[in-house]
Amino acid sequence: MKQTQKPTYNMWQNTGYMIRLAWQEHKSVLWLCLALALLHVAVSLAELYLAPLALGKVETAAPLGELFGTIAVMAGALALLRGLLAYGNENTMYGRVQLRMTLVMQLTLKSLRTSYPHVGRPDLEKEKERASMALSSNGAAGEAIWRVLTEIAQNLLGFGVYLLLFLRLDPALVLIAAGTAVLSSLCARWGPRWAFAHRKEQGALGQRMDYIRKKAADRGALKDILLFGMGDWLKDVYATVLGLYQDLLVKEQRVYLRGDLAEVFFTLLRNGAAYGYLLAMTLREGMPAAEFLLYFTAVGNFTAWVTGILKGFGELHQFSLELCSVRNYLEVPEPFLFEGGKPIAPDLHTPYTLRLEDVSFRYPGAEQDTLSHIDLTVAPGEKLAIVGLNGAGKTTLMKLCCGLLDPTGGRVLLNGQDIRQYDRRAYYTLFSTVFQDFSVFDTTLADNVAQQPGSTDTAGIEDAIRRAGLWEKYRALPRGGQTHIGKGVYEDGIQLSGGELQRLMLARALYKNGPIIILDEPTAALDPIAEHQLYLRYSELTQGRTSFYISHRLASTRFCDRILLLGGGKILEEGTHQSLLEQGGEYARLFAIQSQYYKEGNGHG
């Protein structure tokens with residue numbers, strides 16, 4: 001049987017963490033928790049004594065004015081306390097929301113700024129998802145913990161006050177009240193425990209239903225659904241998953257029902273014992289009716305305090321488990337230096353030499369190296385092409401050069417200095433890059449180029465767009481650079497073609513104007529001739545810059561000073577396009593195959 005992983009932090013550590021956060025960010029949350037707890041107990045006592053006091057006045061035949069005066073004073077005090085309680089409950093929400101949003105912001109910043117090796121890690125993605133759920137709403141752990149802490153405080157205070165009230169009663173009655181409360185609380189936890197034990201199963205079924213709903217509403221998938229007649233099949237799959245989900249809910253409700261029935265039984269037992277004991281005292285000692293009512297009501301309230309304490313600590317334990325995910329994700333150690341690293345700034349007049357010194361790299365969980373013992377020096381201003389079959393390690397090599405990954409063996413040096421010593425975010429500013437997988441944001445075209453919301457550098461943005469070959473499209477747009485891209489946010493957003501998107505990414509790289517250029521197959525959507533022409537144009541635009549070009553089309557990079565052919569994690573061949581053809585090796589063989597393919601394609605065009 002698989003053992004449950006022990007939480008990183010216990011309940012008290014997570015409670016202390018949240019209290020420290022509140023003390024630093026919003027102290028009023030703590031003071032309001034204490035004030036609300038005191039007000040709850042005060043309201044309970046006022047309600048407890050109101051009816052017995054009135055009944056006592058009736059028993060002693062007090063004057064009508066005294067009776068109504070007592071009721072008015074007690075009712076007024078109760079109304080005042082309830083008003084203060086309502087006011088406190090309303091106003092405490094704002095501080096609690098702010099604390100939760102503080103954690104949400106920390107989570108967002110961690111996700112945006114974390115080291116690249118953390119991106120896509122399944123364990124961290126799951127931890128981030130759990131952390132997000134813990135901060136997702138007012139009822140989630142990140143905010144609801146303050147409600148629970150308030151309830152625990154009020155139940156502990158109420159328990160202590162009522163215990164003093166019961167000093168004159170038989171201890172057996174107190175034990176019965178406390179014992180039945182404990183047993184009722186334990187039975188009431190059957191349902192939540194069952195639900196928690198099956199939360200992954202329920203979540204998996206929910207995710208499957210969400211996936212089907214999203215696919216059914218997705219415009220891209222809708223074409224296949226209609227053309228291939230997949231609608232009935234999707235409906236049947238959804239119905240099957242929905243049936244399993246409903247069966248799970250039925251089982252859950254049965255467990256809750258058993259707990260509720262047990263709770264009813266123990267409530268009857270407690271009330272019967274209290275009623276019998278107090279009735280015997282009334283007959284034996286002549287206990288007044290007002291006092292009988294006071295103690296009978298107090299027994300029920302005392303039980304509620306005990307139940308509240310147990311329930312509160314149970315909820316606090318559950319919330320602590322959820323908050324562990326928040327802290328686990330926020331406190332994941334970063335493999336790169338950021339603010340503590342050595343500063344560096346891009347300088348177009350500084351010659352940069354990149355050297356890979358006996359570099360190897362293996363992805364976590366892989367059985368062999370993607371790159372093995374690579375030695376490579378790239379001179380300032382050199383245009384270097386990296387070619388090879390899929391999986392040869394071309395993109396990995398580029399990610400090592402620009403610092404997205406650190407080698408598992410060897411060093412990457414910039415002008416003789418190990419790049420691991422630098423502030424990694426500052427190091428990134430040296431590179432203008434376009435990778436195969438790029439991000440286009442649903443905002444304006446200008447924002448996508450400048451990567452700075454609301455940039456006023458219209459001239460620089462337009463110059464980058466012109467040089468990237470997107471000028472004609474830009475001029476045809478209804479609002480120029482302020483035209484919205486994509487329809488995820490703005491209804492008037494436009495859709496760019498694959499080639500236009502890649503030119504947009506080139507414009508982004510040109511605008512950044514880094515001293516080192518990396519193009520990792522950014523022109524895959526273009527035909528071979530268009531790709532070659534674009535690379536030539538880009539080469540002209542980046543004269544004097546150190547440039548890396550990656551393409552699976554060998555002819556597209558013939559203009560480069562040097563071409564490296566990767567294979568098996570190593571550099572198999574290197575040289576100019578012509579020298580590699582003259583060698584008659586693997587590069588020449590691959591080039592001949594591609595040339596024949598294009599000739600055949602042209603023949604059938």
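Starting from 1, each residue takes its place in the sequence as its number.
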Find out whether [X] and [Y] are in side-chain contact, i.e. whether some heavy atom of one side chain is under 4.5 Å from a heavy atom of the other.
X: R508; Y: Q451; result: yes
X: K394; Y: D520; result: no
X: L496; Y: K473; result: yes
X: V489; Y: T443; result: no
X: R411; Y: R355; result: no
X: T114; Y: E334; result: yes
X: L414; Y: I344; result: yes
X: I374; Y: L400; result: no

How close do [X] and [Y] get, heavy atom to heavy atom, and via which atoms?
X: P515; Y: R545; result: O-CB, 3.7 Å
X: A140; Y: L135; result: CB-N, 4.1 Å
X: D369; Y: R362; result: OD1-NE, 2.9 Å
X: A392; Y: L566; result: CB-O, 3.6 Å
X: S432; Y: K512; result: OG-CB, 3.6 Å
X: Y329; Y: K110; result: O-CE, 3.3 Å

Just verifying a value: how many Å separate [X] [atom1] and [Y] [atom2], rounded to the nearest 0.5 Å?
X: N448; Y: F441; atom1: CG; atom2: CZ; answer: 7.0 Å
X: E125; Y: S111; atom1: CD; atom2: OG; answer: 7.0 Å
X: E574; Y: Y587; atom1: CD; atom2: OH; answer: 13.0 Å
X: I386; Y: L564; atom1: CD1; atom2: CG; answer: 4.0 Å
X: F548; Y: L519; atom1: CZ; atom2: CG; answer: 11.0 Å
X: D447; Y: I461; atom1: CG; atom2: CD1; answer: 7.5 Å

side-chain contact (heavy atoms from CB on, under 4.5 Å) with [X]: which of [options]?
X: L356; options: T377, L371, L397; answer: L397
X: T546; options: L430, V378, L384; answer: V378
X: R327; options: L103, N14, V332; answer: N14

Does atom [atom1] ([X]) have a neighbourhood of more than 12 heavy atoms from anything else shown, all under 6.0 Å?
X: M230; atom1: CE; result: yes
X: N390; atom1: CG; result: no
X: Y363; atom1: OH; result: yes
X: Q368; atom1: CD; result: no
X: K27; atom1: NZ; result: yes
X: R425; atom1: CZ; result: yes
X: Y116; atom1: OH; result: no

Has the side chain of [X] got a donor or acceptor atom that lies under 3.5 Å from a matching backbone atom of [Y]?
X: S115; Y: P117; result: no
X: T408; Y: S360; result: yes
X: D418; Y: L413; result: no
X: N415; Y: T353; result: yes

CA sep, side-chain torsions, deciding dist, call: I145, L323, side-chain contact (heavy atoms from CB on, under 4.5 Å): CA-CA 10 Å; I145 188 173; L323 288 172; 3.6 Å; yes

Under the side-chain contact (heavy atoms from CB on, under 4.5 Å) criterion, do Q98 and E25 qualify, and how do the steps go? CA-CA 9 Å; Q98 287 183 14; E25 301 290 337; over 6 Å; no

Before giving the answer on side-chain contact (heavy atoms from CB on, under 4.5 Å), spell out for E143 and V97 the whole-Å C-alpha distance, their side-chain angles and the decisive distance to 0.1 Å. CA-CA 7 Å; E143 184 175 335; V97 170; 3.5 Å; yes

Sequence neighbours left out, what pairs pass ring pair (Phe, Tyr, Trp, His ring centres under 6.0 Å) with at least one residue falling in residues 485-515?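 Sorted pair list: H484-Y490.
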
Between [X] and [Y], does at least one N-O distance fall below 4.0 Å, as a salt bridge requires?
X: R589; Y: E586; answer: yes
X: R424; Y: D406; answer: yes
X: R130; Y: E127; answer: yes

Is the NZ or CZ atom of R113 positioned over F338's six-membered ring, under 6.0 angstrom from the centre and within 45° of the axis?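 That pair does not qualify as a cation-pi contact.
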
side-chain contact (heavy atoms from CB on, under 4.5 Å) for L404 and Y428? Distances and angles first, verdict last. CA-CA 8 Å; L404 291 177; Y428 294 150; 4.0 Å; yes

Determine whether the aromatic ring centres of residues Y549 and F559 are separated by less than 6.0 angstrom.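 They qualify: ring centres under 6.0 Å apart.
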
Under a 3.5 Å cutoff, is there a donor and acceptor pairing between the side chains of R213 and Y238?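 Yes - a donor-acceptor pair under 3.5 Å links their side chains.
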
If the plane angle is over 60° it's perpendicular, under 30° parallel, otherwise tilted; pick one for F591 and H577.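 Aromatic pair F591/H577 classed perpendicular.
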
